[in-house]
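First the structure, in the form of structure tokens, and then the observations on it.
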Amino acid sequence: MISPKQQPISDARLSSPPFVRRTPLQILHVTCNFLRIWSVYALHQYLSQQGDSVLVFMFCCLLPASVIFLVLQKPWKGRSLPNSQVVPTVINGGIMALYFICWGKGLLSCGPLIALLAEYAGAALGVLSAVLYGQKVHVWKKVGGLVAMLAAYYFLSIGWATKTYSPFYNFGEEPLPQAKQSLGLKDMLVPISAGILSALRRVIARRVSLKSQLKRRLHALTVASATCFLFPVAIWNIISGASSEKIITLPLSLWAYWGTIFFGIIFLFYIENIVEERLHLVFSSPRHLMVAGGGIILMEIKYGMDFSLLGFLICSSILGFGIYEATSLERYKKGPLGTHEISDGTYYDQQQSSHLPS
């Protein structure tokens with residue numbers, strides 16, 4: 001029987017403010033995102049200076065990451081996985097491989113700032129899910145969010161986030177060097193495609209399994225499948241050996257290589273899952289964009305990039321508004337078995353969450 005003296009202690013623990021319990025996870029999330037963004041900038045600097053093949057480099061990062069995932073999760077142990085989960089997981093590996101190809105190409109052609117912001121393009125899937133599964137009366141809000149996202153990416157493509165082309169950087173007496181032409185929408189298609197592929201991979205992973213332990217086992221298979229899909233592409237890149245592009249330079253940059261493996265692939269998966277489950281902070285959300293934006297600003301200053309703070313804040317604000325509208329649910333309380341929204345704005349029904357989408 002619990003004594004009266006012990007009861008207040010239990011009540012104090014249960015009645016502790018939510019922000020106190022969430023603070024360690026929030027610090028962990030911000031730190032992991034900052035280190036991941038730092039590794040992206042180090043990777044861009046390394047590839048730009050050395051001229052190595054981005055496809056071979058990404059394969060060299062995926063290979064040890066897949067081994068680590070397999071050793072940690074041991075998907076061959078425990079309850080055998082049915083074909084209804086293995087087959088979509090292997091397909092998801094192909095999507096992941098295609099994502100890394102597009103993301104690496106976009107990182108080299110557009111730079112780290114646009115490559116990171118383009119990862120939020122997957123929120124556009126919320127518009128599609130609203131048309132297919134949502135209530136038609138609220139579709140116009142999601143379409144408006146999509147238009148705002150496209151406007152933000154257009155402003156980024158014409159250089160609003162750079163000193164050279166930003167219409168807001170008109171002060172200062174020093175001439176700005178026109179070192180590089182503005183990108184244009186065609187160049188933006190590659191990193192935007194990577195962002196949509198990343199969101200599609202997350203959607204498929206959730207549809208296959210909603211249990212955390214099973215999700216980690218399936219993710220290990222996904223990374224291993226992506227490595228297998230990327231292997232022939234990397235080998236062909238080595239064999240073809242374009243004269244303007246080196247295959248790989250040894251020794252590799254330690255921070256660019258191991259930072260990409262641990263903070264760009266391994267820790268990113270675990271931290272994002274923990275934060276999503278405990279803090280309900282999903283990837284394609286304005287709050288996540290705010291965290292990433294702070295890290296981007298620090299890295300742009302640290303690496304001395306062509307950067308306009310005011311232009312970046314305007315573009316990221318427009319993008320955040322578009323993401324909010326594109327992924328926002330109708331503000332209804334529909335009960336425990338109602339319709340819910342996942343991280344990329346798509347819907348699922350908890351009663352049918354174990355089934356694959358048709």
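Numbers for residues simply follow the sequence, beginning at 1.
Proximity of a side-chain donor or acceptor of S317 to a complementary backbone N or O of L313 within less than 3.5 Å is detected. Judged purely by atom type and a 3.5 angstrom limit, Y153 uses its side chain to pair as donor or acceptor with the backbone of L117. With S157 contributing its side chain and Y154 its backbone, the two residues share a donor-acceptor pair below 3.5 Å. Between the side chain of S166 and the main chain of W160, a donor-acceptor pair closer than 3.5 Å is present. N92 places no side-chain N or O within 3.5 Å of a backbone atom of I204 that could act as its donor or acceptor partner. Side chain of T162 to backbone of G159: a donor-acceptor contact under 3.5 angstrom is found. The backbone N or O of C102 lies less than 3.5 Å from no partner atom in the side chain of K105, so there is not a single donor-acceptor pair. Between the N273 side chain and the F269 main chain, a donor and an acceptor come within less than 3.5 Å of each other.
One distance of note links CZ of F312 with CD1 of I296; it measures 4.5 Å at 0.5 Å rounding. A distance of 9.0 Å separates OG in S285 from CE in M290, rounded to the nearest 0.5 Å. Taken to the nearest 0.5 Å, the CZ atom of F263 stands 12.5 Å off from the CH2 atom of W258. Note that CZ of F100 and OG1 of T227 are 8.5 Å apart. Values are rounded to the nearest 0.5 Å. A distance of 9.5 Å separates CG in L116 from CG in N33, rounded to the nearest 0.5 Å. Expressed to the nearest 0.5 Å, how far CH2 of W103 lies from CG of L108 amounts to 9.5 Å.
Taking both residues in full, the closest heavy atoms of L281 and H29 are given as CD2-CE1, 3.4 Å, listed atom of the first, atom of the second, then distance. The two residues G145 and E325 have their closest heavy-atom pair at CA-CB, 3.6 Å. Listed here is the closest heavy atom pair of G320 and P286: O-CG, 3.6 Å. Pairing each heavy atom of P75 with each of R217, the nearest pair is O-NH2, 2.8 Å. Shortest non-hydrogen contact noted between L72 and Y270 is CD1-OH, 3.9 Å. In plain terms, the two heavy atoms of G122 and A199 that are nearest each other are CA-CB, 3.4 Å.
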*Can you list the steps and then say if R202 with E276 is a salt bridge (charged side-chain N to carboxylate O under 4.0 Å, His left out)?*
CA-CA 12 Å; R202 290 188 178 92; E276 184 174 336; over 6 Å; no
*asked:* Please evaluate residues Y257 and Y46 with respect to the criterion ring-ring contact (aromatic ring centres under 6.0 Å, His included), reporting the C-alpha separation (whole Å), side-chain torsions for both, the decisive distance (0.1 Å), and the verdict.
replied: CA-CA 9 Å; Y257 182 64; Y46 170 77; 9.2 Å; no
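Counted by atom type alone, H44 and Y303 present zero donor-acceptor pairs between their side chains at under 3.5 Å. No side-chain donor-acceptor contact under 3.5 Å links D187 and S109.
Between V54 and L107 the shortest side-chain heavy-atom distance does not fall below 4.5 Å. Counting only heavy atoms from C-beta outward, the side chains of L70 and W76 approach each other to under 4.5 Å. With a 4.5 Å cut-off on side-chain heavy atoms, Y120 and H288 count as touching. I101 is not listed as a side-chain neighbour of M58, based on a closest heavy-atom distance of 4.5 Å or more.
Crowding of F321 atom CZ: a count of heavy atoms from other residues, nucleotides or ligands under 6.0 Å not exceeding 12. Within 6.0 Å of the NZ atom in K302, the count of heavy atoms belonging to other residues, nucleotides or ligands exceeds 12.
For the pair R36 and F267, the cation-pi test (distance below 6.0 Å, angle within 45°) is failed.
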